[in-house]
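Just so you know, these numbers use all the heavy atoms, side chains as well, and skip hydrogens, waters and symmetry mates. Every chain is numbered from 1, with letters handed out A, B, ... down the list of sequences. Computed from a predicted structure; not experimentally measured.
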Amino acid sequence: MNCPDAVRLMNAYVDEELDAASVLALEAHLRGCARCRARADSLHALRSGVQRHTEFRMAPTSLRDKVQARLGHLESVPAGATRRRVAMGAAALAVVALAAWTLRGTLEPAPANVARGTGKVVYHVSSSQNAGAALRTLRNHLEASPETKVVVVAHNEGVDFLLRGARDESGQLFATAVRQFKDRGVDFRVCNNTLVRRRIDGGGILPEATLVPSGIAEISRLQEREGYTYMRM
Amino acid sequence: MSDDEKRARFERLVLPHLDAAYSLATWLVRDDAQAEEAVQEACLRAFRYFDGLRGDEARPWLLGIVRNTCYTLLQRARQDGAPLPFDEEGCGEDAVAAGAVVSFPLNPEAAAIREADRESVRGALRALPVEFREAVVLREIHGFSYREIAAACEVPIGTVMSRIARGRRLLQHALGARAETKDTGT
């Protein structure tokens with residue numbers, strides 16, 4: 001493989017989108033070409049920089065409410081009622097919207113998991129800087145509502161605190177806190193995509209943590225299938 | 001499918017991706033309030049076309065709709081004579097083509113990128129032309145595979161690859177260049 005070919009494949013390579021044969025060929029080239037190694041290095045640096053300094057933004061609760069309200073409104077008017085609705089004034093329409101909203105509220109009461117103190121909450125840790133703060137929040141959270149089931153999903157740079165030997169801002173081993181939380185029933189799950197991408201060996205992860213194929217998919221699954229409330233750390 | 005069933009299915013399959021929808025929208029329209037608008041609009045559109053969704057591809061499907069809605073918003077803003085919501089000057093395809101082949105980074109650039117602070121990285125990403133920005137955002141922030149990006153953006157995988165490559169090339173250039181400027185200033 002020559003340099004132009006290597007450059008052409010390099011993004012797919014760092015994204016792990018390359019077929020095995022091309023990976024082998026490219027890696028053979030990299031071993032012999034310092035210039036291309038520097039290019040790959042620069043791409044890795046860029047990827048981790050972008051991931052470190054940007055974050056997945058959660059939709060404001062108000063947005064979720066608005067969307068659900070508008071959907072609820074769409075459906076709450078039976079097909080046969082459409083003709084009648086046309087004749088209604090704006091005020092009456094507002095009442096219909098309100099009724100739809102109230103009805104939805106009755107059918108599906110908001111979980112209010114956290115407030116009730118017996119819910120299920122997933123903590124999403126995606127930055128190493130926030131891990132200490134996340135654990136402090138978690139401690140307060142469990143003190144306020146000890147029955148809450150918490151799953152911590154670590155993703156991107158957020159996996160760092162679950163590596164063996166990782167220490168918090170004050171030099172304390174994270175392992176100690178993680179073990180205590182684990183004893184209280186908190187689950188720690190680590191994104192395997194992150195490990196693969198960052199070339200971290202699974203053996204470097206604390207034994208209290210378990211691997212999941214994708215952190216984001218795990219969070220979606222917990223929210224979607226198991227009714228977890230999402231907390232961004 | 002009754003309306004209730006449809007709504008239940010929609011809430012189960014599509015609404016869990018509302019965060020992803022919002023996240024993408026904020027990066028595309030670069031304004032939180034407009035992003036909320038776009039997401040609401042996109043969800044209503046998605047609900048309308050929901051019968052067309054097959055299997056569990058809800059995430060790229062919804063994000064494709066979000067993306068189209070954002071583009072419509074951006075276009076409308078442009079037609080209204082509002083300031084262009086993204087900085088196209090100086091980083092169009094010509095600039096990319098010029099930078100992409102000629103100057104390749106050596107390790108000092110990697111070092112500069114590693115040291116780049118949060119503001120520089122976010123600023124550089126925000127300044128990317130929107131089609132490169134969306135490819136990079138979907139890849140790095142949403143963890144999309146090339147195939148999923150291709151589905152969401154309705155382009156071939158080859159186009160996804162070249163957009164990601166060009167987007168990253170521009171980012172490397174911006175972050176490397178920024179660091180150099182900083183160095184010469186001291």
Heavy-atom pairs under 4.5 Å with chain B, option from A/Asn156, A/Asn193, A/Val67 with the top count: A/Val67
For a 4.5 angstrom cut-off between non-hydrogen side-chain atoms, does B/Arg168 reach A/Asp15? yes
Checking heavy atoms, do the side chain of B/Ala20, its backbone, both or neither come under 4.5 Å from chain A? both
Which atom pair, heavy atoms only, marks the closest approach of B/Cys43 to A/Leu71? O-CD2, 4.4 Å
Evaluate the side-chain proximity of B/Arg59 to A/Ile216: yes if any heavy-atom separation is below 4.5 Å, no if none is. yes
Nearest-0.5 Å distance that lies between atom CD in A/Glu224 and atom CG in B/Leu13: 6.5 Å
In residues 134-144 of chain B, which residues are in contact with chain A at a heavy-atom separation under 4.5 Å? B/Arg139, B/Glu140, B/Ile141, B/His142
Do A/Tyr230 and B/Asp19 pair up side chain to side chain, a donor and an acceptor below 3.5 Å, judged on atom types alone? no
Side-chain (B/Gln40) to main-chain (A/Lys66) donor-acceptor, under 3.5 angstrom: no
CD of B/Gln172 to CG of A/Leu46: how many Å apart, nearest 0.5 Å? 5.5 Å
Which bit of B/Ser145 is near chain A, if near means a heavy-atom gap under 4.5 Å: side chain, backbone, both or neither? both
Side chain / backbone / both / neither for A/Ile219 at chain B, heavy atoms under 4.5 Å: neither
Honestly, the part of B/Leu18 sitting under 4.5 Å from a heavy atom of chain A is both
Counting only heavy atoms closer than 4.5 Å, note whether B/Ile157 contacts chain A via side chain, backbone, both or neither. neither
Between B/Ala110 and A/Ser42, the two heavy atoms sitting closest are CB-CA, 3.6 Å
By number, which residues in residues 51-60 of chain A have some heavy atom less than 4.5 Å away from chain B? A/Gln51, A/Arg52, A/His53, A/Thr54, A/Glu55, A/Phe56, A/Arg57, A/Met58, A/Ala59, A/Pro60
Give a yes or no on whether B/Glu37 atom CD has more than 12 heavy-atom contacts from other residues, nucleotides or ligands under 6.0 Å away. no
